[in-house]
Amino acid sequence: MYQLEVVTPEGIVFQGEVEQTVINTSDGEIGILENHMLLLTNVVPGKLRIERPEEEPMELAVTYGTIDVRGDRVIVLVEEAFEFSEINVEQEKKTLEEAVAKLEQKETLSLEEIENFERMKERAEVLLELAGVKVR
């Protein structure tokens, strides 16, 4: 068992002892067990699965951030973390449509703008899929 904290700019979303954490990173999905090697990597939008002893696993939708693994303590710092039922499907559909429309005009955008719209698109697609909406 180890201590897990999930933190957003609004505050602590989860804090407690866990057996395993499964999360999507820029290198793929990883599972973290007790005494995991030291790790600092980027989190990408997806599902965060928290497994606690003798309880049902908890699943949260998370967006971009960082995970810091330090032996008996893991900190997940993300822009957003919430339950799947809290995903605003209509808002995410609008965000996806906006990002796709902007990306169709790539030649008028700066590299920074392109990157921003690609992140918006990825975030919206993943959140919609977690909410059970087929987008691809």
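- Going from atom CD of Glu79 over to atom OG1 of Thr8 covers 10.5 Å, rounded to the nearest 0.5 Å.
- Contact of the Asn88 side chain with the Phe82 side chain is not registered, since no non-hydrogen atoms from C-beta on lie closer than 4.5 Å.
- A salt bridge links Glu92 with Arg123: the distance from a Lys NZ or Arg NE/NH1/NH2 to an Asp or Glu carboxylate oxygen falls below 4.0 Å.
- Between Thr25 and Asn42, every side-chain heavy-atom pair lies at or beyond the 4.5 Å cut-off.
- Residues Thr41 and Ser26 are in side-chain contact: their nearest non-hydrogen atoms beyond the backbone lie under 4.5 Å apart.
- Note that Arg73 lies outside the cation-pi zone of Tyr2, set by a 6.0 Å cut-off to the ring centre and a 45° limit from the axis.
- Note on Val18 and Met58: same hydrophobic cluster, where clusters join Ile, Leu, Val, Met, Phe, Trp and Tyr whose side-chain heavy atoms are under 4.5 Å apart, directly or indirectly.
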Working for side chain to side chain contact (heavy atoms under 4.5 Å, CB included), residues Ile50 and Leu4: CA-CA 9 Å; Ile50 300 168; Leu4 171 68; 3.8 Å; yes

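- Contact of the Asp68 side chain with the Val74 side chain is not registered, since no non-hydrogen atoms from C-beta on lie closer than 4.5 Å.
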Going through the distances and angles, do Lys47 and Val22 end up as a side chain to side chain contact (heavy atoms under 4.5 Å, CB included)? CA-CA 8 Å; Lys47 183 188 323 181; Val22 179; over 6 Å; no

What do the steps show when you test Phe84 against Glu59 for side chain to side chain contact (heavy atoms under 4.5 Å, CB included), and what is the final call? CA-CA 8 Å; Phe84 297 167; Glu59 293 185 333; 3.8 Å; yes

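- Linking Ile, Leu, Val, Met, Phe, Trp and Tyr whenever their side-chain heavy atoms come within less than 4.5 Å leaves Val62 and Leu77 in two separate clusters.
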Derivation and outcome, salt bridge (charged side-chain N to carboxylate O under 4.0 Å, His left out), residues Lys121 and Glu97: CA-CA 8 Å; Lys121 179 178 178 261; Glu97 288 172 10; over 6 Å; no

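- Annotation: the span from Glu104 atom CD to Phe117 atom CZ amounts to 12.5 Å, rounded to 0.5 Å.
- Shown here for Val133 and Lys93, the closest heavy-atom pair between the two residues is CG1-CE, 4.1 Å.
- Taking both residues in full, the closest heavy atoms of Lys106 and Ile114 are given as O-CD1, 3.9 Å, listed atom of the first, atom of the second, then distance.
- In plain terms, the two heavy atoms of Asn24 and Gly46 that are nearest each other are ND2-CA, 3.4 Å.
- Ile87 has its side chain within reach of Leu130: a pair of non-hydrogen atoms, C-beta onward, lies under 4.5 Å apart.
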Run the side chain to side chain donor-acceptor pair (under 3.5 Å) test on Tyr64 and Glu80 for me, step by step, so that the C-alpha distance in whole Å, both residues' side-chain angles and the decisive distance to 0.1 Å come before the verdict. CA-CA 7 Å; Tyr64 295 99; Glu80 301 168 284; over 6 Å; no

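- Between Glu98 and Lys102 there is no salt bridge, since none of the side-chain N atoms of the basic residue sits less than 4.0 Å from a carboxylate O of the acidic one.
- Atom CD of Glu115 has 12 or fewer neighbouring heavy atoms from other residues, nucleotides or ligands inside a 6.0 Å radius.
- Scanning both residues, Val43 and Thr63, for their nearest heavy atoms gives CG1-O, 3.6 Å.
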Would you please test Thr21 and Glu51 for side chain to side chain contact (heavy atoms under 4.5 Å, CB included) and show each step? CA-CA 6 Å; Thr21 305; Glu51 298 179 11; over 6 Å; no

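- Of all heavy-atom pairs spanning Val6 and Leu48, the tightest one is CG2-CD2, 3.7 Å.
- In this structure, Asp72 does not pair ionically with Arg70, as no charged nitrogen and carboxylate oxygen lie closer than 4.0 Å.
- Linking Ile, Leu, Val, Met, Phe, Trp and Tyr residues whenever their side-chain heavy atoms come within less than 4.5 Å leaves Val44 and Ile67 in two separate clusters.
- Within a 6.0 Å sphere centred on CD of Glu54, heavy atoms belonging to other residues, nucleotides or ligands number 12 at most.
- Interatomic distance, Leu128 CG to Thr95 OG1, rounded to the nearest 0.5 Å: 8.5 Å.
- Note on Val69: it clusters hydrophobically with Leu60, by side-chain heavy-atom contacts below 4.5 Å among ILVMFWY residues.
- Contact check for Thr66 versus Leu40: side-chain heavy atoms found under the 4.5 Å cut-off.
- Arg49 is not listed as a side-chain neighbour of Ile23, based on a closest heavy-atom distance of 4.5 Å or more.
- A donor-acceptor contact shorter than 3.5 Å links the side chain of Glu113 to the backbone of Ser110.
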Extract all donor-acceptor atom pairs below 3.5 Å that involve side chains of residues 28-35 and protein atoms in other chains or at least two apart in sequence.
residue	atom	partner	partner atom	Å
Glu34	OE1	Met1	N	2.7
Glu34	OE2	Met1	N	3.3

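- Residues Glu17 and Arg52 fail the side-chain proximity criterion, which asks for heavy atoms closer than 4.5 Å.
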